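Treat the numbers as computed from the prediction; the structure is a model and nothing was measured. Residue numbers run from 1 in the order of the sequence given.
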Amino acid sequence: MNTTKPRKTAAQLARAVDDGRGVGEALRHLDRHGTESGAVAVAEALARFLVARCDSHHAGWRVVRQVVVDSAAHAPWEKCARRAVPIVARDLLSLSQKGGRTQLAQAQHIAALRRAEQIAKHVDQAAVVADLGLDQRSVSPEEWQADLGAAVKARSREQVARAVTFG
């Protein structure tokens with residue numbers, strides 16, 4: 001008698017992730033089957049899930065978000081979250097090609113990084129820098145995007161200021 005369950009299809013995994021279930025199983029599926037048809041749907045479902053939960057599961061993102069809010073910037077939060085999803089999905093598919101196992105924390109960090117990069121495009125750099133008490137400096141939009149993305153490693157305003165100052 002065979003007691004192993006049949007493997008879930010990519011569509012089943014994507015639906016489960018959309019319902020907030022089976023995230024680890026979906027990550028393992030991508031790691032093993034990232035080049036198969038259906039992998040894109042699983043990656044997109046994971047990306048939507050991970051981007052949405054940055055507020056509750058990524059301390060660095062919460063610090064960056066608070067710094068942006070404190071600077072009185074009016075960022076289009078939801079629009080930027082939606083724009084981050086396809087980028088996170090591509091990143092997850094790319095990770096699956098490298099072999100090894102993608103950890104949930106690693107995937108969550110990628111989502112936070114991409115959200116910060118998307119927000120950077122809409123945030124007044126001068127306002128954030130001034131609110132952090134830093135000397136004004138002008139960097140290219142690409143550098144600002146990279147700096148704010150790097151800041152998701154921060155756990156405090158001071159660490160965000162260092163990330164923004166030193167990239």
Tightest non-hydrogen contact, residues G34 and A39, listed as O-CB, 3.3 Å

d(D131 CG, D70 CG) to nearest 0.5 Å is 5.5 Å

Of all the heavy-atom pairs spanning A10 and S37, show the shortest one and how long it is. CB-O, 4.4 Å

With distance as the sole test, does Q66 use its side chain to make a donor-acceptor pair with the main-chain N or O of V63 at under 3.5 Å? no

Count I, L, V, M, F, W, Y as connected when their side-chain heavy atoms are under 4.5 Å apart, and connections chain through other members. Are V164 and W61 then in the same cluster? yes

Using only atom types and a distance under 3.5 Å, with no angle test, would you say the side chain of R48 pairs donor to acceptor with the backbone of D18? no

Looking only at heavy atoms, which two atoms of A107 and T102 are closest? And how far apart? CB-CG2, 4.3 Å

V85 and F49, any side-chain heavy atoms less than 4.5 Å apart: no

Nearest 0.5 Å please: distance from the CZ atom of R83 over to the NZ atom of K121. 7.0 Å

Around atom CG of D135, are there more than 12 heavy atoms of other residues, nucleotides or ligands at under 6.0 Å? no

Is the closest side-chain heavy-atom distance between V42 and V17 below 4.5 Å? no

Please examine the side chains of R65 and W77, heavy atoms only from C-beta on, and report whether any two atoms are closer than 4.5 Å. yes

Closest non-hydrogen contact found for G149 with A116 is CA-CB, 3.9 Å

Connected via hydrophobic side-chain network under 4.5 Å: L104 and L113: no

From C80 SG over to E117 CD, what is the distance, rounded to the nearest 0.5 angstrom? 11.5 Å

S96 versus D31, side-chain donor and acceptor atoms under 3.5 Å: no

Tell me, with the steps shown, if R162 and T165 meet side-chain contact (heavy atoms from CB on, under 4.5 Å). CA-CA 5 Å; R162 269 182 274 171; T165 302; 5.7 Å; no

Identify the two heavy atoms, one from A75 and one from I119, that lie closest to each other, and give their separation to 0.1 Å. CB-CD1, 3.8 Å

Considering only heavy atoms from C-beta outward, does the side chain of D55 approach that of R115 to under 4.5 Å? yes

Say whether V69 and L148 are linked into one hydrophobic cluster, either directly or through other cluster members, by side-chain heavy-atom distances under 4.5 angstrom. yes

Would you indicate whether the side-chain heavy atoms of R157 and V160 approach each other to under 4.5 Å? no

Are L50 and L30 co-members of a hydrophobic cluster defined by side-chain heavy atoms under 4.5 Å apart? yes

What orientation do H58 and H109 show, parallel under 30°, tilted 30 to 60°, or perpendicular over 60°? tilted

side-chain contact (heavy atoms from CB on, under 4.5 Å) partner of D91, the single match among L95, I87, L93: I87

Ignoring hydrogens and angles, state whether a donor on the side chain of S94 or Q97 is under 3.5 Å from an acceptor on the partner side chain. no

Considering residues, nucleotides and ligands other than H74, do more than 12 of their heavy atoms fall under 6.0 Å from its NE2? no

To the nearest 0.5 angstrom, please state how far the CD atom of Q106 sits from the CG atom of L27. 9.0 Å

All heavy atoms of W144 vs all of V139, minimum pair found to be N-CG2, 3.7 Å

Please round to the nearest 0.5 Å and tell me the distance separating atom CZ of R15 and atom NZ of K8. 10.0 Å

L13 and side-chain contact (heavy atoms from CB on, under 4.5 Å): which single residue from H33, R21, R7, E25 fits? E25

Would you say the side-chain atoms of Q159 pair up with the backbone N or O of R155, donor to acceptor, closer than 3.5 Å? yes

